[in-house]
Amino acid sequence: MFRLTLPLAAALLASTAPATAQDIEPRNTPGLPDHLSAIDDVLTGGLLNDPTDLNWAHYGLGRELIVDETYPGGGAALRIAIGETANAYDGGVSIPLLGRIRARDTVTIGFFARTISSEASDGLGRVNVRFQIDRPPYGGFGDQVVEIGAGWDFYEVTTTADRAISRDGIVALQFGLEEQVVEIGQAFVVSGAPSILD
């Protein structure tokens, strides 16, 4: 099992936070493991996942842990490789949620990513992001396609929950839109805030 170091994860967020105060009140997530409290404390929204953990469940694709000190967010990323498929959901990874989502909550995921190769005409990688329950019938919301460039960047998707997710919640990152190789680094999921970094 691979974990990013907590001090590095907290320092990353502190270094990207704006210098001015935000209009949104901090919102801590009850019941988080102790090792995540420092990260939750620097977020405006309530932390919903463990950003120090890259051991996400996966299906329908190749996955390899890549370690390089130049990578943002802790020096590690998952290299995701997928061939030609028919549907976005034919291959993906699942980021488990540690807290509940209430109906009408604002929820945001932010993650580092870059595209190594893509068969798309524009050379961009494409990831469908979806908040959902990880059991049949896999009800979810917020589907949005993120276009990933060749250089490391931080991508965010924000949506409003159309249902409550009290258990078995995940953020699904689905890669079947293109034949591609994409690297995904550290990810943060929060509730109650429209952005991780702003």
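Source: prediction; values computed, not measured.
In this structure, D134 has no side chain to side chain donor-acceptor pair (under 3.5 Å) partners at least two apart in sequence or on a different chain. With sequence neighbours left out, the side chain to side chain donor-acceptor pair (under 3.5 Å) criterion links E147 to R126. In this structure, the ring-ring contact (aromatic ring centres under 6.0 Å, His included) partners of Y71, at least two apart in sequence or on a different chain, are W152. Not counting sequence neighbours, the partners of A88 by the side-chain contact (heavy atoms from CB on, under 4.5 Å) test are N128, Q174, L177. Partners of D40 according to the side-chain contact (heavy atoms from CB on, under 4.5 Å) rule, which considers only residues two or more places apart in sequence or in another chain, are N28, T29, L32, L47. Listed by chain and residue number, nothing satisfies the side chain to side chain donor-acceptor pair (under 3.5 Å) test with S94 (two or more places apart in sequence, or in another chain). Under the side chain to side chain donor-acceptor pair (under 3.5 Å) criterion, R135 pairs with D168, sequence neighbours left out. The side-chain contact (heavy atoms from CB on, under 4.5 Å) check on P33 picks up H35, L36, L98, with sequence neighbours excluded.
Grouping Ile, Leu, Val, Met, Phe, Trp and Tyr residues whose side-chain heavy atoms lie under 4.5 Å apart, directly or via other members, leaves L124 alone, with no other cluster members.
Applying the 6.0 Å contact sphere to CZ of R163 captures more than 12 heavy atoms from other residues, nucleotides or ligands. For Y155, the OH atom counts as densely surrounded, since its 6.0 Å shell holds more than 12 non-hydrogen atoms of other residues, nucleotides or ligands.
Although no hydrogens or angles enter the test, the distance criterion places a donor-acceptor pair under 3.5 Å between the side chain of Q180 and the main chain of F175. Side-chain atoms of S191 do not come within 3.5 Å of backbone N or O of I101 as any donor-acceptor pair. Looking only at distances, no side-chain donor or acceptor of T106 sits under 3.5 Å from a matching main-chain atom of P194. Between the side chain of T108 and the backbone N or O of I196, no donor-acceptor pair lies under 3.5 Å. A donor-acceptor distance shorter than 3.5 angstrom exists from the side chain of D53 to the backbone of N55, with no hydrogens or angles considered.
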Under the side-chain contact (heavy atoms from CB on, under 4.5 Å) rule, what do D143 and Y89 come out as? Steps first, then yes or no, please.
CA-CA 11 Å; D143 289 69; Y89 54 79; over 6 Å; no
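The shortest non-hydrogen separation linking S118 to G123 is CB-O, 3.6 Å. The two residues V157 and Q144 come nearest to each other via the heavy atoms CG1-OE1, 3.7 Å. Closest non-hydrogen pair, A187 versus P51, comes out as O-CB, 3.1 Å. Taking all atoms of both residues into account, the shortest heavy-atom contact from S195 to E156 is OG-OE1, 2.8 Å.
For the side-chain contact (heavy atoms from CB on, under 4.5 Å) with V93, the lone residue among V127, I170, L173 that qualifies is L173.
The CG atom of L61 sits 9.5 Å away from atom OG1 of T85, with the distance rounded to the nearest 0.5 Å. Within the model, atoms CD1 of I165 and CD of Q132 stand 8.0 Å from one another, a figure rounded to the nearest 0.5 Å. Going from atom CD1 of I66 over to atom CD1 of I184 covers 12.5 Å, rounded to the nearest 0.5 Å. In this structure, CZ in F188 is found 10.5 Å from CD1 in I109, a value given to the nearest 0.5 Å. Within the model, atoms CD of E178 and OG of S117 stand 11.0 Å from one another, a figure rounded to the nearest 0.5 Å. The distance from the CH2 atom of W56 to the CG atom of D50 is 10.5 Å, given to the nearest 0.5 Å.
Screening residues 54-71 for salt bridge (charged side-chain N to carboxylate O under 4.0 Å, His left out), with sequence neighbours left out, gives no hits. For residues 113-133, the set of pairs meeting the ring-ring contact (aromatic ring centres under 6.0 Å, His included) definition, not counting sequence neighbours, comprises F131-F141.
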Going by atom type alone, with no hydrogens or angles, which donor-acceptor pairs under 3.5 Å involve a side-chain atom of residues 75-84 and a protein atom two or more places apart or on another chain?
residue : atom : partner : partner atom : Å
R79     : NE   : E183    : OE2          : 2.7
R79     : NH2  : E183    : OE2          : 2.5

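Linking Ile, Leu, Val, Met, Phe, Trp and Tyr residues whenever their side-chain heavy atoms come within less than 4.5 Å places V67 and F111 in a single cluster. A chain of hydrophobic side-chain contacts below 4.5 Å, direct or via other Ile, Leu, Val, Met, Phe, Trp or Tyr residues, connects I95 to L65.
Residues R114 and D153 fail the side-chain proximity criterion, which asks for heavy atoms closer than 4.5 Å. Side-chain contact check for I39 versus T52: some heavy-atom pair is nearer than 4.5 Å.
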